[in-house]
There are 2 protein chains.
Amino acid sequence: MTNKLNLNNLTKSEEDYLKAIFQLLIEDASVKVGNNQLADYLKVSPASTNNMIKKLKAKGYVVSEKYGKLELTEEGKSVAVRLIRKHRLWETFLCNYLNFTWDEVHDVAEQLEHIKSRKLIDELDRFMDFPKKDPHGEVIPNANGEYSIIPKITLSSLSEGDVCQLIAVNDGSVHFLKYVSEIGLALSSEIKILEVREFDKSIRIKFDNTIETVTRKFADNVFVNKVV
Amino acid sequence: MTNKLNLNNLTKSEEDYLKAIFQLLIEDASVKVGNNQLADYLKVSPASTNNMIKKLKAKGYVVSEKYGKLELTEEGKSVAVRLIRKHRLWETFLCNYLNFTWDEVHDVAEQLEHIKSRKLIDELDRFMDFPKKDPHGEVIPNANGEYSIIPKITLSSLSEGDVCQLIAVNDGSVHFLKYVSEIGLALSSEIKILEVREFDKSIRIKFDNTIETVTRKFADNVFVNKVV
DNA sequence: TAAAAAAGTTAGTTATGACTAACAAATTAA
DNA sequence: TTAATTTGTTAGTCATAACTAACTTTTTTA
Ligand SMILES: [Mn+2]
Ligand SMILES: [Mn+2]
Ligand SMILES: [Mn+2]
Ligand SMILES: [Mn+2]
């Protein structure tokens with residue numbers, strides 16, 4: 001097995017880059033991820049990402065050809081999944097034990113995910129009795145990095161008459177998450193698409209006897225499971 | 001009041017330096033703390049500390065004259081106490097909820113103490129029902145930075161015939177803490193000084209029907225409350 | 001298919017926080 | 001009170017990770 005045991009000697013920055021590449025790759029499994037796209041996502045300059053990519057390639061976490069698109073090695077994916085596990089476990093802890101609301105947890109979890117201690121995160125997992133999902137509905141990978149990929153589509157991809165169930169939301173924006181709660185939507189809400197307006201792609205939806213119009217941008221951040 | 005509200009914009013390094021100065025200053029309230037002593041304590045070069053001290057002076061956390069000793073401003077002390085509060089609360093959490101032993105908590109707490117979130121630490125405090133002391137017997141400052149200074153002396157400062165109670169131990173060394181547990185000492189143990197050997201300052205002690213000889217170095221890291 | 005636009009790369013700069021080597025000031029010992 | 005030692009400072013270097021500006025390659029559009 002010659003386990004490389006690569007003792008987690010990665011900087012916070014290196015970890016953040018690997019996580020970002022991983023997330024861009026699953027969000028759009030078909031489309032390739034390039035240097036500038038990564039720069040956009042991380043809100044740094046293309047020169048910065050170019051530089052970091054070189055380092056991550058040298059360390060064996062990333063594969064790419066010059067002027068080509070980015071791929072992660074198994075080692076690279078493993079680092080990313082462990083970060084996501086930590087991020088989601090901490091978010092769950094903050095929500096379920098420390099009175100944080102779902103819009104408050106992300107920024108603190110961004111810090112906590114970089115704490116280096118295998119025992120800490122596995123014990124936190126045990127303490128919470130191995131939760132399966134984080135406060136935003138995302139699946140939490142287990143201690144071996146395994147996790148089920150639940151088929152989910154965005155609310156914006158549905159058509160008039162479709163009925164779906166809200167199973168997850170994008171956790172990156174405080175404003176978005178507050179907005180979701182304010183209009184009364186929550187995980188498991190059943191949503192019916194009343195109308196998709198061609199003009200601006202805004203969508204008229206019904207849930208729990210509430211009727212609301214949401215923008216395309218809003219619907220892009222809501223993940224659902226189609227029911228009808 | 002013109003509260004400066006200095007939004008916690010300190011780096012991990014700046015925080016560590018302020019905490020180190022604070023700890024050196026209370027450990028030896030009479031003796032002044034100098035640049036090289038700080039370098040020794042932090043295990044960096046005197047050039048590094050000299051450089052950082054300049055920055056902390058410019059930012060208003062440290063006061064000192066050229067070639068003179070170091071002092072902390074009120075702002076500097078406040079940063080240090082908040083760090084110590086976070087460090088001790090995390091250690092308590094790790095021990096009491098996540099199955100860590102008292103020798104395992106320090107290194108992880110060194111990382112966790114730098115997480116920036118007022119709500120996180122105050123909620124953690126509430127969750128544990130406002131513990132008063134950390135696993136090593138040290139007092140935890142409250143949310144306003146207030147804490148009682150319990151008079152404590154080192155075991156090494158006692159004389160033959162004295163009786164004392166173990167109230168705290170230095171939490172910096174894993175080896176030391178394991179050693180303390182192994183010989184059967186714990187917080188609240190009542191210790192009698194049987195003999196102080198002039199030759200090497202080693203001390204023969206008795207506690208719980210156990211008789212042990214400990215070195216001067218060991219006794220320097222054990223804090224007690226003199227009983228007789 | 002040639003021009004324009006987008007994507008990616010390189011060079012050079014900056015800030016932080018380490019380091020060593022050389023030097024200056026202060027303290028201690030002879 | 002001079003000399004030796006300790007303490008503190010400065011200058012110059014390095015690594016990390018950001019930046020801008022200029023350039024090259026690839027892709028798209030006309
Ligand atoms: Mn991060
Ligand atoms: Mn989440
Ligand atoms: Mn620290
Ligand atoms: Mn402690």
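Reminder, nothing fancy here: chain letters follow the sequence lines and each chain counts from 1.
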Review point. Contact class for K54(B) (heavy atom, under 4.0 Å): base, sugar-phosphate, or nothing?
Key: sugar-phosphate
Exercise for review: Using the closest heavy atom to pick a nucleotide of DNA chain C for each, name whichever of N36(A) or M52(B) lands nearer the 5' end.
Suggested key: N36(A)
Practice item. May I ask you to check whether F93(A) and F93(B) place their ring centres under 6.0 Å from each other? Key: yes
Review point. Which nucleotide sits closest to the side chain of P46(A): dA18(D), dT9(C), dT16(D)?
Key: dT9(C)
Review point. Quick one: is dG8(C) close enough that its OP1 or OP2 comes under 4.0 Å of any side-chain N or O from K69(A)?
Key: yes
Review point. Hey, is the side chain of S13(A) poking within less than 4.0 Å of OP1 or OP2 on dT16(D), counting only N and O atoms?
Key: no
Exercise for review: Give the rounded distance in Å between these two atoms: CG of N35(B) and P of dT10(D).
Suggested key: 11 Å
Check your understanding: Under the 6.0 Å and 45° cation-pi test, does K77(B) pair with F22(B)?
Key -> no
Check your understanding: Whole Å only: how far is the CD1 atom of I53(B) from the P atom of dA18(C)?
Key -> 12 Å
Check your understanding: Should T11(A) be listed as having a side-chain N or O under 4.0 Å from OP1 or OP2 of dA17(D)?
Key -> yes
Practice item. Please state whether the rings of Y97(A) and F127(A) are parallel, tilted or perpendicular, taking 30° and 60° as the class boundaries. Key: tilted
Review point. How close or far is atom P of dT26(D) from atom CD of E65(A), stated in whole angstroms?
Key: 11 Å
Exercise for review: Give the rounded distance in Å between these two atoms: CG of L38(A) and C1' of dA17(D).
Suggested key: 14 Å
Check your understanding: If you find the nucleotide of DNA chain C closest to K66(B) and the one closest to N50(A), which residue's nucleotide is nearer the 5' end?
Key -> N50(A)
Check your understanding: What about H87(B) and H106(B), are their ring centers closer than 6.0 Å?
Key -> yes
Review point. Looking at Y17(A), does any N or O in its side chain come under 4.0 Å of the phosphate oxygens OP1/OP2 on dA18(D)?
Key: yes
Practice item. Could you tell me the separation between the CD atom of Q37(A) and the P atom of dA7(C), rounded to a whole number of Å? Key: 9 Å
Exercise for review: To the nearest Å, give me how far apart CG (L70(A)) and C1' (dT9(C)) are.
Suggested key: 13 Å
Check your understanding: So does S48(A) get a side-chain nitrogen or oxygen closer than 4.0 Å to the phosphate oxygens (OP1/OP2) of dC19(D)?
Key -> yes
Practice item. Ignoring backbone atoms, establish whether K43(B) has a side-chain N or O less than 4.0 Å from OP1 or OP2 of dA18(C). Key: no
Review point. Sub-3.5 Å donor-acceptor pair from the side chain of E160(B) to the main-chain atoms of V196(B), do we have one?
Key: yes
Point to revise | Short side-chain N/O contact from S45(B) to OP1 or OP2 of dA18(C), under 4.0 Å | key: no
Review point. Using a cut-off of 4.0 Å on non-hydrogen atoms, how would the nucleic acid contact of K32(A) be classed: base, sugar-phosphate, or nothing?
Key: nothing
Review point. Just how far, in rounded Å, is C1' of dT16(C) from CG of L56(B)?
Key: 13 Å
Revision key, fill the gap. Contacts of N51(A) and Y67(A) projected onto DNA chain D by closest heavy atom; the upstream (5') one is N51(A)
**Study point:** Exceeds 12 heavy-atom contacts within 6.0 angstrom, atom NZ of K217(B)
**Key:** no
**Study point:** Length of the line joining D40(B):CG and dT6(D):P, which is rounded to integer Å
**Key:** 12 Å
